[in-house]
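Accompanying notes for the structure given below.
Read the numbers this way: they start at 1 and go in the same order the structure lists the ligands and their atoms.
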Amino acid sequence: MSFASLGLSEEIVRAVTERGYTEPTPIQAQAIPVILKGGDLMGGAQTGTGKTAGFTLPLLQRLMEKPVSGKHFIRALVLTPTRELAAQVEESVRLYGKHLPLKSMMMFGGVNINPQIKQLHGRVDILVATPGRLLDHLQQKTVDLSHVEILVLDEADRMLDMGFIRDIKKILAVLPKQRQNLLFSATFSDEIKLLADGLLTNPALIEVARRNQANELIEQRVYPVDRERKRELLTHLIKEHNWFQVLVFTRTKHGANRLAEQLDKDGIPAMAIHGNKSQAARTRALAEFKTGKLQVLVATDIAARGIDISELPHVVNFELPNVPEDYVHRIGRTGRAGSEGEASSLVCIDEKKLLNDIERLIKREIPVVNVPGFDVDPRIKAEPILNGSNRGGGQRQGQGRGGQPRTGGGQGRSAPRPGAAKPAGGAGRGAAPSGAQHRSGGRGR
Ligand code: AMP
């Protein structure tokens with residue numbers, strides 16, 4: 001199937017071809033015709049499926065089909081949970097719309113509002129924003145959303161997790177009633193369904209398989225190691241295999257900082273990326289990582305969410321996540337869009353249960369690799385994983401996010417069932433709305 005056969009214009013197909021895409025991904029093949037017809041859509045897809053182009057391409061085309069004369073207004077609004085995602089989506093809008101006369105703008109918090117106000121005085125057809133800062137503009141009356149024709153809520157589940165529901169509702173209240181609504185979410189909790197019920201009219205329901213569960217291109221490995229020797233092993237692996245563009249996950253911001261510093265001392269250029277860092281520092285780290293200048297990026301789950309780094313060769317779980325679904329999200333950073341990737345997990349005795357939960361979720365055993373010289377010391381006993389420990393440990397083992405008791409492998413976040421025609425019913429998120437760490441990670445205010 002070709003992009004042209006989906007009904008996209010020559011200018012858009014040309015931009016996509018220049019980007020190097022030859023065929024639409026499954027979400028694109030399904031979503032593009034629906035959106036072009038003008039209908040509402042509920043899309044079950046996470047980052048890595050090609051969903052951004054899935055809504056951006058038809059959105060651009062819809063705007064082009066109805067050109068406006070005279071004063072320009074914002075005609076499409078894309079809301080994203082994080083600054084990084086806003087920047088990436090807006091970059092995609094510019095890329096795919098490069099042969100079109102449309103203008104886009106990204107808007108997020110953590111940066112001076114005045115340049116944004118100035119940009120809003122000029123032409124903006126498509127606004128990509130995080131809810132917090134957009135609300136600030138609405139309150140200051142520096143943005144006019146009264147001509148929005150298309151609304152996209154991207155990673156809606158994450159927006160709810162981050163406590164944006166009130167902001168979103170306030171934004172919805174100022175939009176014209178008559179508009180096209182597109183909602184994308186990796187999971188379908190009751191909260192999401194409630195939001196969708198109030199927002200969407202006769203939506204088409206499209207789901208694609210969680211590609212990273214089905215993705216055989218990701219080589220997963222478990223490296224058993226003593227808890228105090230993880231950094232040493234990581235340095236060894238990176239140097240031994242000459243790994244570049246390594247995304248390393250830790251549980252906490254503190255752990256991310258510490259590890260980045262230690263790797264740097266070991267002669268491996270590394271930086272931590274998380275919500276406590278300034279926007280400028282995060283942008284710089286990401287840019288240097290993408291070009292390969294920065295060998296290692298250390299991130300917490302929330303900071304990494306939404307970062308689109310295509311064809312990332314290595315993901316390392318320095319510590320396993322407490323929530324097994326986060327493992328799937330993490331390794332989804334690698335082996336994207338048809339390229340191979342490696343996901344390595346450094347697992348100490350404390351994390352045995354977490355590993356079991358993950359293997360139960362992904363329904364396979366992850367091959368174990370013992371590295372000579374890093375044999376596990378059988379005398380070391382398992383310890384609970386403590387909050388903010390020196391080792392960068394996260395929440396106490398046995399608890400989900402937000403301090404809710406964990407209820408076992410099967411009751412984490414519900415994921416869309418691959419191939420199902422409807423959003424999965426009933427099973428909401430096991431974990432309560434996230435706590436402080438979650439919020440600070442890229443909240444757009
Ligand atoms: P997304 O899910 O939108 O974050 O996209 C995931 C990755 O897939 C991005 O790096 C895109 O550049 C890439 N991508 C999107 N559509 C296609 C396509 N049709 N063919 C190949 N790669 C694609």
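Side chains of Met64 and Pro101 form a contact here, defined as non-hydrogen atoms less than 4.5 Å apart.
The closest donor-acceptor contact from the side chain of Gln61 to the backbone of Gly7 lies under 3.5 Å.
Within the structure, ring-ring contact (aromatic ring centres under 6.0 Å, His included) pairs that include any residue of residues 13-66 comprise Phe55-Phe184 (at least two apart or interchain).
Close approach of ligand 1 to Thr49 (heavy-atom distance below 4.0 Å) involves ligand atoms 2 (O). Annotation for ligand 1: atoms under 4.0 Å from non-hydrogen atoms of Gly50 are 1 (P), 2 (O), 3 (O), 5 (O), 6 (C), 15 (C). Remark: ligand 1 atoms within the under-4.0 Å shell around heavy atoms of Glu23 are 18 (C), 19 (N), 20 (N).
An N or O contact shorter than 3.5 Å is missing between Phe3 and ligand 1 by distance. Inclusion of Thr52 in the set of residues having an N or O under 3.5 Å from an N or O of ligand 1 is warranted.
Taking each of Tyr96, Phe55, Tyr21, Phe184 in turn, the one with a heavy atom nearest to atom 12 (O) of ligand 1 proves to be Tyr21.
For Glu365, the CD atom sits in a loose shell: 12 or fewer heavy atoms of surrounding residues, nucleotides or ligands are nearer than 6.0 Å. The environment of Lys169 atom NZ is sparse: at most 12 non-hydrogen atoms of other residues, nucleotides or ligands sit within 6.0 angstrom.
With a heavy-atom cut-off of 4.0 Å, Arg19 touches ligand 1 through its side chain alone.
Atoms CG and CZ, on Asp144 and Phe73 in that order, are 6.0 Å from each other to the nearest 0.5 Å.
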